[in-house]
Chemist: 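Once you've had a glance at the structure underneath, I'll fire off some questions.
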Amino acid sequence: NAGVTQTPKFRILKIGQSMTLQCTQDMNHNYMYWYRQDPGMGLKLIYYSVGAGITDKGEVPNGYNVSRSTTEDFPLRLELAAPSQTSVYFCASSLGDEQFFGPGTRLTVL
Amino acid sequence: AQSVSQHNHHVILSEAASLELGCNYSYGGTVNLFWYVQYPGQHLQLLLKYFSGDPLVKGIKGFEAEFIKSKFSFNLRKPSVQWSDTAEYFCAVNVNTGFQKLVFGTGTRLLVSP
C-alpha cells in the first residue's frame, strides 16, 4: 500500500491564483482530513469527510473548498490564493483510532 | 472548545539524557490521547495513544506516556534519548464522540546533540 499520497510536494502561487491540492489514500478509509501546519501553531483542521459525498468544515475553512466524490480522493481547492494561505498542508485518513498522514504540500503565496 | 497545551516549545538535550515533554488538555469528559512525531522532512507518525485502561502506555522507539486524569495531563517520556530522536512532537486530543476529530498542541521541537 502507498498509504496517503499528496501532490504536488511544493508550489508557489501568485496572489489571486487558484489551485487544487490532491490527496489519495489506498487503505479504504472512510474518514479523510485536511490540515494546515504553520510554524509554532501546530496543525489546524481545515475540512474533513466521513465518507464519499459527505464533507464538513473544520476549525479554519475560510478560503478553501473540498469535495469527496470517491472513497479514495479528497482534493482541497484554493480559489483565490492569499499570502495568509502560505503553509504546509497535510492530508490524513483514518478508519478507526489512528490517523495516517501524507507527506505534505508546501505552498507559498507571493 | 477543547484545547491542548504544550508548554515546552523548544528542548535541547544531549544524548543519553532523559526526556519529559508536557501536554495538558482542557476537557472534562472522556478523551482519547495521542502523541505524534514528525522527523525532519517527514510526515507525522503515531508514537503512542491512550484510550482506556493502564494509564501508562508504551509506544514505539522506547517512548512512553502517562495519563493523569486529575491533572488533565499526558506527558511523554523517554529515559535516554538518541540523536535520531531529533524531531517535532505533537500531543493531540480527541473527544470521544465516535469520530476522530483531533485537536493538536502547538508542538515541541526536540534537538538532541550527539
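Letters A, B, ... are given to chains in the order of the sequence lines, protein chains preceding strands, and every chain is numbered from 1. Only heavy atoms go into these numbers, but all of them, side chains included; no hydrogens, no water, no symmetry mates.
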Chemist: Out of curiosity, B:H43 NE2 to A:Q6 CD, how far, rounded to the nearest 0.5 Å?
Modeler: 9.5 Å

Chemist: Is it true that A:V109 and A:M41 fall in one hydrophobic cluster, defined by side-chain heavy atoms closer than 4.5 Å?
Modeler: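 No, separate clusters.
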
Chemist: Below 4.5 Å from any heavy atom of chain B, which atoms of A:F100 appear? Answer side chain, backbone, both or neither.
Modeler: neither

Chemist: Taking side chain as C-beta onward, heavy atoms only, is A:Q99 less than 4.5 Å from B:Y36?
Modeler: yes

Chemist: Determine, using the 4.5 Å side-chain heavy-atom cutoff (strictly less than), whether B:W35 and B:I60 are members of one ILVMFWY cluster.
Modeler: yes

Chemist: Applying the 4.5 Å side-chain criterion to the ILVMFWY set and letting contacts propagate, would B:L47 and B:V112 be lumped into a single cluster?
Modeler: yes

Chemist: A:M19 and A:V66: same hydrophobic cluster, using ILVMFWY side-chain contacts below 4.5 Å?
Modeler: yes

Chemist: Against A:L43, only a single residue in B:L44, B:T106, B:V103, B:L102 fulfils side chain to side chain contact (heavy atoms under 4.5 Å, CB included); can you say which?
Modeler: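 Considering B:L44, B:T106, B:V103, B:L102, a side chain to side chain contact (heavy atoms under 4.5 Å, CB included) with A:L43 is found only for B:L44.
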
Chemist: Quick check on the hydrophobic clustering: are B:L56 and B:L33 connected, directly or via other members, by side-chain heavy-atom contacts under 4.5 Å?
Modeler: no

Chemist: Do you know which of B:H9, B:K49, B:R109, B:E88 has the most heavy-atom pairs under 4.5 Å to chain A?
Modeler: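 The residue among B:H9, B:K49, B:R109, B:E88 with the greatest pair count is B:K49.
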
Chemist: Which atoms of B:Q38 come close to chain A, meaning under 4.5 Å heavy atom to heavy atom: side chain ones, backbone ones, both, or neither?
Modeler: side chain

